[in-house]
Structure formats: structure tokens, C-alpha cells
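Structure first, then comments.
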Amino acid sequence: MAAQIRDYGDLLNLLTQQQVPFELAAPLVKYTSFRIGGAADVLVFPRSAEELALIQSWANERPVRTFLLGGGSNILISDSGFPGIVVHPAFSEDLRIDHQTADHISVFVAASAKAPLSGKKLSAMGFAGLEFLTTIPGQFGGSIIQNAGCYGHELKDVITSVEIVAAGKVQKIAAGACAFEYRTSLFKNEPNMWVTGAQLDLGAGSQPEINARIEDYKQRRINSQPRNRRSAGSIFKNPVPSVSEKKSWQLIDEAGLRGHTCGGAEISAEHCNFIVNNGEATAAEVYTLIRLAESRVWENSGIKLEREVVLVGDFGQ
Ligand SMILES: Cc1cc2nc3c(=O)[nH]c(=O)nc-3n(C[C@H](O)[C@H](O)[C@H](O)COP(=O)(O)OP(=O)(O)OC[C@H]3O[C@@H](n4cnc5c(N)ncnc54)[C@H](O)[C@@H]3O)c2cc1C
């Protein structure tokens, strides 16, 4: 990797000139669902795709590390934080309705909108297809890049195109070119593509049925996931059926790790594919448990677990 710069003087001048909000030495802990992690050198809050493009253009010309932070619900930030620029979209969260009839809506949802809230808003308007999203935390942008899903539904089912900033320019990519698959997309593997939002197509549904599905998903969560605990959701993806019919939680359970702790971190006794922060856990402790699960499952079943959670910053080996 090229030598890194830690002097952000001209970026700060640019941000000040353009009145883009930012913080220096910004603690990231409160931006994560784990409530774990150190500080970023600079934390920037672009309010539009154009401001995002401005920051990206600046960074593209310099040997500096950047990280696009969404709702922080699928990441583990290192205890030493992030030695670079963290960009946290703060666009308008309003839905932009492009076309609406009694039985169809075409709507643009911005990356910084809260994903569950967007699901709730569109469901309350009588449109079906985003009920599942009401139970998935995070920003809408994070759910796009992750192709978030649950209970047999995925975000890709309703996306028609995605708007991104890449090479310092705002661009639109048709859904068919986004390489959506189980918990991944083109954008997940291209850290220089920053998602600004997506266009969705939804059809009208029966309001009582929409409401019943939302309630059903909510209850299923309550019954299956650790309650009132800080976590980042599933740590590992489930293996594809050709590798194993078992879910990751079963493999971790069979490896004898249910309830295993390291300091303040615990492989959840309620759901073995979650690691929970029991209060004062450090990123290093969570990371130790991630590595332990990987090695024990490998020894026990010969299956290599694939991480869903994204590690941010430096963790060593
Ligand atoms: C209790 C709990 C339950 C969960 N259940 C589910 C579930 O059922 N299904 C599921 O799919 N997930 C689940 N998750 C995981 C998580 O909520 C989703 O993956 C969510 O979509 C992540 O969005 P985020 O905004 O929080 O992303 P972050 O955690 O902020 O970021 C995750 C990754 O996305 C990238 N990213 C974020 N925003 C953008 C953007 N605008 N442009 C480019 N890259 C971006 C980040 O750089 C990072 O690589 C759960 C999490 C928790 C805590």
C-alpha cells in the first residue's frame, strides 16, 4: 500500500469552504450497533451525492484510506479506530416518489434513510415488498450493498437501479448489472463505489396482509435473537447448500462454542451466529471469538465459515 497521509489540511479547507460538516478525532463507537471501536481521523457528513463526489475526488488523488459508514450495524471497528477519513452520508431521508398509481409506486430511497423506517413508510402507504426490511437495522445504503434480506426476501427483489458515486461522479447502474447475490453485490467488493440510493418498484398489497407480515417478522425476531444486547447481527454467512445444509449457528453450536466468552464478548447463548457485547467488550475480544469460531468449526466439520461482518481498521493477524 502507498504511504498514507495523515495531514488533512487541504481537505479541511475544502470542507470548510463548501460548508460540509465534519469532526476531527471523532469517536465512532456511537455509530455502531456493537457500541465498540476507536476514533476516525476525520468523520465527514456529506449532505448530497455531489458533496460525496467532492470528497471522493479529493481522496482519489491522494494515498489516504477512506471508509463509507452506514448505520454501523454490520461492522466491527478496531479499538485503535480508523486511520483515515470516514464518510457518513447525511442526505435527506425523504422518499422521492417518481410515479405512483393505485397499484404501483416507483420511488427513490436515499442511502442515508433508516432502512426499517423506509420499509415502514412504504408498507403504511399500502405497497408490498419491503415488510421484511422493517426488521433489519442500518441505513438503506448499507442494505443495498449487502443485499439485505430475511424470511425468504431480499432487497434485490424490488430494486430497479442503484445510484452511486464512483471516480468522483454520480452514476446510475441498472439492477441487472449490480451482481446481487446472497448478502453481497458489486458494491460490496468495490470500496470505491459509494451508494447514494436506489430506485424501487413496488406493487400495491392488501393493508391487513402487509401489517400481518410485519408483525409476523417482528415476532420471529423476538423469538430467535438475543434481546437487549449489542451485536452486529450474524457474524458469518450461512454456507451454500452444496457445502453444507447446516446453518452457521448450528456449525458453531456443534463446535461447542455456545455461550463461550472472551472478556466482555460472548458467542450468544441464544443465537450462536451472533456475538454480543456484554457491556465493556473490546474489538480485540470480539475478533478473538470470530477467529476461534472459524478455527473450531474448521476442525470440527471441515467447513470454512465466511464472514458477513466487515472489519474496519487494523486487527493484525
Ligand atoms: C440485530 C441485528 C439483526 C440483523 N439482521 C439482519 C438480517 O436479518 N438480514 C441482513 O441482511 N442483515 C442483518 N443485519 C446486519 C445489518 O443490519 C445489515 O447488513 C444492514 O443492511 C447493514 O447496513 P448498515 O447501514 O448498518 O451498514 P454498515 O454496518 O454501516 O456497513 C456495512 C458495509 O456496508 C458498506 N456501506 C454502508 N453504506 C454504504 C454506502 N452508502 N455505499 C457503499 N458502501 C456502504 C460499509 O462500508 C461496510 O462495508 C442485522 C444486524 C443486527 C445488529
Side-chain angles (χ1 to χ4, degrees), residues 28 31-37 40 46 49 52-53 55-56 65-77 82 84-91 109-119 130-156 162-166 170-171 173 178 180-198 217-218 220-222 224-238 247 249 268 270-271 273-277 307-313:
L28 296 173
Y31 296 98
T32 72
S33 55
F34 253 139
R35 289 292 187 273
I36 291 175
L52 200 63
I55 298 161
Q56 198 185 63
R65 287 168 76 176
T66 56
F67 177 73
L68 204 299
L69 171 69
S73 64
N74 204 25
I75 56 174
L76 176 65
I77 297 180
F82 185 75
I85 302 165
V86 171
V87 182
H88 185 51
F91 312 151
V109 185
S112 56
K114 290 176 191 68
L117 195 59
S118 315
L130 277 190
E131 297 90 326
F132 74 95
L133 200 63
T134 61
T135 63
I136 302 181
Q139 283 193 345
F140 196 71
S143 66
I144 297 168
I145 79 120
Q146 171 77 356
N147 183 25
C150 56
Y151 309 125
H153 302 275
E154 291 180 314
L155 203 54
K156 74 173 173 56
V162 175
E163 190 187 87
I164 64 165
V165 166
V170 182
Q171 307 175 25
I173 304 193
C178 293
F180 285 122
E181 283 179 48
Y182 168 62
R183 298 298 168 272
T184 191
S185 68
L186 170 68
F187 319 110
K188 181 128 185 185
N189 303 315
E190 293 283 353
N192 292 323
M193 289 183 169
W194 294 350
V195 170
T196 59
Y217 299 154
K218 193 170 129 192
R220 288 207 229 174
R221 293 259 164 196
I222 291 172
S224 67
Q225 291 185 357
R227 260 178 278 171
N228 306 321
R229 297 289 194 84
R230 298 289 182 188
S231 78
S234 295
I235 294 292
F236 301 104
K237 294 182 183 183
N238 285 319
K247 306 272 189 204
W249 73 262
S268 170
E270 291 163 275
H271 188 314
N273 197 16
F274 277 47
I275 293 178
V276 292
N277 173 4
R307 290 178 198 164
E308 180 173 320
V309 72
V310 177
L311 301 189
V312 183

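One-based numbering, in listed order, for ligands and for the atoms of each. These numbers come from the heavy atoms of this one structure, side chains and all, not from hydrogens, waters or symmetry mates.
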Which of the atoms of ligand 1 are close to S143, meaning less than 4.0 Å from one of its heavy atoms? 21 (O), 23 (O)
Got an N/O contact under 3.5 Å between R183 and ligand 1? yes
N74 heavy atoms within 4.0 Å reach ligand 1 at atoms 15 (C), 16 (C), 19 (O), 22 (C), 29 (O)
In a check of side chain to side chain contact (heavy atoms under 4.5 Å, CB included) between S143 and each of L133, V195, I136, which one passes? L133
Residue-level breakdown please: for F67 versus ligand 1, do any non-hydrogen atoms fall below 4.0 Å on the side chain, on the backbone, on both, or on neither? side chain
Under 4.0 Å from any heavy atom of M193, which atoms of ligand 1 are there? 43 (C)
Cation-pi check for F274 against R229: NZ or CZ below 6.0 Å from the six-membered ring centre and within 45 degrees of the axis, yes or no? no
Relative to the heavy atoms of C150, which atoms of ligand 1 are at a distance of less than 4.0 Å? 8 (O)
At under 4.0 Å between heavy atoms, is it the side chain or the backbone of P191 that contacts ligand 1, or both, or neither? neither
Does the side chain of K188 reach to within under 4.5 Å of the side chain of Q146, using non-hydrogen atoms? yes
For ligand 1, which atoms, with element, lie under 4.0 Å from some heavy atom of A232? 51 (C), 52 (C), 53 (C)
When only distance counts, is L68 in polar contact with ligand 1, meaning an N/O pair under 3.5 Å? yes
Geometry only, no angles: is G138 polar-contacting ligand 1 at N/O separations under 3.5 Å? no
Would one find an N or O of N147, backbone or side chain, under 3.5 Å from an N or O of ligand 1? no
So for I145 against ligand 1, with non-hydrogen atoms under 4.0 Å, the contacting part is side chain
Heavy atom under 4.0 Å from ligand 1: found in H271's side chain, backbone, both, or neither? neither
Does any N/O atom on L69 come nearer than 3.5 Å to any N/O atom on ligand 1? no
Nearest non-hydrogen contact to atom 6 (C) of ligand 1 from the set Q139, Q146, R221 belongs to R221
In the protein, which heavy atom is nearest to atom 22 (C) of ligand 1, and how far is it? S73 OG, 3.5 Å
Does ligand 1 come near enough to G70 that some N or O of the ligand is less than 3.5 Å from an N or O of the residue? yes
Taking only heavy atoms of G149 into account, list the atoms of ligand 1 that are under 4.0 Å away from them. 7 (C), 8 (O), 9 (N), 10 (C), 11 (O)
